[in-house]
Each structure stands twice: as structure tokens, then as C-alpha cells.
Enquirer: 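Next up is a structure, given as C-alpha cells.
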Amino acid sequence: MDYNKLTLPEATEIQEDLRHKLRFDRPDAQVIYTIGGADISYNKGSEILYAAIVILNYPDMTLRSYALATGHSSFPYIPGYLAFREVPALLNAWSLLPVRPDVLVLDGQGILHPRQMGIASHFGVLTGQATIGCAKNSLYGRHADLARFKGSSTPIVDGVKHIGHLLRTKEAVKPVFISPGYGLSVNKSLEVIRQSTGRYRIPEPTRLAHNIVNDFRTGKLNPGYHEVEQPLSLF
DNA sequence: GCGACAG
DNA sequence: ATCTTGTCGC
């Protein structure tokens, strides 16, 4: 289906439909050996989106491979509907991978969303892939204040529902918003992101995907599937 | 009506 | 998200 010319009511209807397919206990997402990171980049004013999906070993975070692809999107950025803009391009990169990671981290929300259908949940339901949402800013949910030290976390709730965590990935630096997209629990999602965090605010999977997709957009890397010869850990 | 509002 | 200059701190 083409997301490019959906009306907002139609997009909302799709989210209401997909939310019923959410699962948080997929058996294949409990033991993790590889983790993926996905991100999008584009030039301001252009409808061409650049997508990157990287795969790294878990938990050592060495880069193993990555897929680069472009996509076209005329669907605008509207808070609550990010998936309709970015998922198509991500699926193009996804289709280039010969093997999928055990879990994939997306730049955005999972179930920390008014209809529990952030981009990580949307992508997960569509592909059956276990996903985690790691966002740099809040979209939905309430939480208490967070301690200043690295590693501190506090639940994010929707009334009495526990839907995610606020996690301080670096001392005295703005925390990130973690929630399951599909296939694993709220607590497991937090644990996986904790294990994937190095010396930077952004966890390695999405941090590397962000760096690589920008090199792709600026012509330093070519589209297609690439394997890293000598995986080097940066921490 | 007002404030909030992923990337 | 992208663009862009300057500033603060390890």
C-alpha cells in the first residue's frame, strides 16, 4: 500500500488496526546475539529519504554490516504519524539484508504513543521483527524526575499502564525515551538499550546508523548491502 | 480555547 | 530532520 497520499483519518485507522497485532513476548527476541539500528536522513525540502540499517554484534557493539537505500515520501512530518513518512524507505533498506538482527532499534517511539503505534511498533508489526523505540524527545506519557547519574531510569506511564522508561545514558545529559516496539517487554527493552550504550548519549545502534546514513546522503557511501571486513569496537 | 507535539 | 555560529567543558 502507498502511504504517500493517505488522509490523516485513514492513517489513524491503520494505526488502530495495527495496534491489535502488537505482541511483547516473541520467543525469538529473548536471547540476543545481534542488534540492528535504523535511521533516516534527507535534504531539507526534498521528498527523497535516505535510509540505513546497521547490524552489530551484541553486546560488544562491533559493526558487522549495513544496508543503504533511498525512498520517496510526500507524507509530511506530523507528530504521531512519523511511521507513514519514514517506514517505506526503511523497508527498502530492510529488504537488502540477507539476515535480520535479533532486535532492531528505531529512532523514535515504540508504544510511547497515543495509540501505541510509534514508528518502532509500526515497523515491527509490519515485518514481524522484534523492535525497540529509542527517542531523543517525548511524545507521550508521564514520568517522575530522573537522577543525574548515568544508568538511572524511571518508568513512563499512561495512567496505570507502564509503557516505557526514561533513561539517562550519560551523566548530567538529557535522557532518552525507551519503549518496546514489538516482540519484547518494557523491561527487556530497557535492559537491551542499557547494554547498547557506550560513552555517548545515543546508544550505539542508532548512533552508528545516524552517522552512516549521513555519509550515504552526502555521497560518501553507496546504496546496497555492505559487510564490514574488520569489525572494530569503539568502546 | 489552551498547551503539547517522535523525526 | 536540516542549517549554522558560537560557547562551554573534559
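Throughout, a chain's letter reflects where its sequence line sits, starting with A, and its residues are numbered from 1.
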Enquirer: Pick base, sugar-phosphate or nothing for A:R217, based on heavy-atom distances below 4.0 Å to the nucleic acid.
Expert: sugar-phosphate
Enquirer: Side-chain N or O of A:S138 less than 4.0 angstrom from OP1 or OP2 on B:dA6?
Expert: no
Enquirer: Contact class for A:F75 vs. all strands (heavy atom < 4.0 Å): base, sugar-phosphate, or nothing?
Expert: nothing
Enquirer: Strictly below 4.0 Å, N to O, side chains only: are A:E227 and A:R64 in salt-bridge contact?
Expert: no
Enquirer: Find the distance A:I78:CD1 to B:dC5:C1' and express it as a whole number of Å.
Expert: 12 Å
Enquirer: Can you tell me how far C1' of B:dG7 sits from OH of A:Y77, to the nearest Å?
Expert: 5 Å
Enquirer: Rounding to an integer number of Å, can you tell me how far A:H143 NE2 sits from B:dA4 P?
Expert: 14 Å
Enquirer: Taking N and O atoms by type only, does the side chain of A:Y42 place a donor or acceptor under 3.5 Å from a partner on the base of B:dG7?
Expert: yes
Enquirer: Distance check: side-chain N/O of A:K136 vs OP1/OP2 of B:dG7, anything under 4.0 Å?
Expert: yes
Enquirer: Using whole Å, what does the distance between atom P of nucleotide C:dT4 and atom NZ of A:K44 come to?
Expert: 9 Å
Enquirer: Which atom names give the shortest non-hydrogen contact between A:P205 and A:V54, and what distance separates them?
Expert: O-CG2, 3.5 Å
Enquirer: From CZ of A:R85 over to P of C:dT2, roughly how many Å is that when rounded to an integer?
Expert: 11 Å
Enquirer: Using a heavy-atom cut-off of 4.0 Å across all strands, would you classify A:I119 as base, sugar-phosphate, or nothing?
Expert: base
Enquirer: With respect to the side chain of A:N137, which nucleotide from B:dG7, B:dC5, C:dT2 is positioned closest?
Expert: B:dG7
Enquirer: What is the distance, to the nearest angstrom, from the NE2 atom on A:H113 to the C1' atom on B:dA4?
Expert: 14 Å
Enquirer: Salt bridge or not for A:R19 and A:E16, using N-O below 4.0 Å?
Expert: yes
Enquirer: Counting only side-chain nitrogens and oxygens, does A:N214 get under 4.0 Å of the OP1 or OP2 atom of C:dT2?
Expert: yes
Enquirer: Applying a 4.0 Å non-hydrogen cut-off, can you work out what A:H122 is touching in the nucleic acid: base, sugar-phosphate, or nothing?
Expert: nothing
Enquirer: Is A:E204 salt-bridged to A:R207, going by a charged N under 4.0 Å from an acidic O?
Expert: yes
Enquirer: How close or far is atom P of C:dT2 from atom CG of A:D39, stated in whole angstroms?
Expert: 8 Å
Enquirer: Just how far, in rounded Å, is C1' of C:dA1 from CD1 of A:I202?
Expert: 14 Å
Enquirer: Which residue, A:Y81, A:Y3, A:F84, forms the ring pair (Phe, Tyr, Trp, His ring centres under 6.0 Å) with A:F75?
Expert: A:F84
Enquirer: So what does A:G80 touch, heavy atoms closer than 4.0 Å: a base, only the sugar-phosphate, or nothing?
Expert: base
